[in-house]
Structure formats: structure tokens, C-alpha cells
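One is the number of the first residue; the rest follow in order along the sequence.
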Amino acid sequence: MVDVGADFPADTQPATAARIRREFAHVLGTDAGRIGELVALAQLLQACSRGVHPTLAPLIARRAQELTHTPVPTR
């Protein structure tokens, strides 16, 4: 199983994020892959709202916005 939550470090580790997207494009590029990534991003945003690494919230929200083309509230 792919840990789509590992995709969020795009700003903190751009080379790692690019490699993950490249290596798992066949999974992440499907409808199921996008849904899985969105679920993981939603869970991460919820954790951020509870005080777990709150500085990551804007990065996670930005990735969710890239996938949905919809603004994502972070509060």
C-alpha cells in the first residue's frame, strides 16, 4: 500500500516528493489514488488543527487545493 500522506513534504523535501510522485504515478494518477491522497491530506489537516505540526497546514492545504482546484480552509 502506498502511504499517500508521505506526499506532503513537497516544500520541505522537493526531491523526495518529486520521486514519490514519479515512482507512484501509476497509482496516484488514478481516481482511487487521488481520493486516497485527499483522504490522507484531510487527516493530516485535522491533526494540524489539533496542534500536531500546525506549521505544515498551509503546505497540506495547498496540495489539496492543487488536487481539487478548490480553496481549502485551514481553520
Side-chain angles (χ1 to χ4, degrees):
M1 172 130 188
V2 175
D3 180 7
V4 294
D7 191 41
F8 80 87
D11 282 358
T12 58
Q13 301 295 325
T16 302
R19 181 170 179 207
I20 290 168
R21 288 192 182 113
R22 185 175 60 250
E23 296 288 331
F24 295 104
H26 65 285
V27 176
L28 294 173
T30 67
D31 287 342
R34 284 186 290 278
I35 290 168
E37 186 174 356
L38 286 168
V39 168
L41 293 169
Q43 290 174 340
L44 289 167
L45 280 172
Q46 187 176 47
C48 288
S49 74
R50 294 179 178 154
V52 179
H53 303 294
T55 57
L56 293 177
L59 303 175
I60 297 165
R62 186 170 69 214
R63 179 63 184 150
Q65 290 177 111
E66 290 170 1
L67 290 171
T68 62
H69 307 288
T70 304
V72 176
T74 56
R75 293 190 176 247

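- Remark: R19 pairs with no residue by the side chain to side chain donor-acceptor pair (under 3.5 Å) rule, at least two apart or across chains.
- Residues A61 and L45 share a closest heavy-atom pair of N-CD2, 4.1 Å.
- Residue H53 comes nearest to C48 through the heavy atom pair O-SG, 3.4 Å, listed as atom of the first residue, atom of the second, then distance.
- With values rounded to the nearest 0.5 angstrom, L56 atom CG is found 11.5 Å from R62 atom CZ.
- Using a cutoff of 4.0 Å between basic side-chain nitrogens and carboxylate oxygens, R34 and E37 are not scored as salt-bridged.
- For the pair L67 and L41, the minimum side-chain heavy-atom distance is below 4.5 Å.
- Taking both residues in full, the closest heavy atoms of P54 and G51 are given as CD-O, 3.5 Å, listed atom of the first, atom of the second, then distance.
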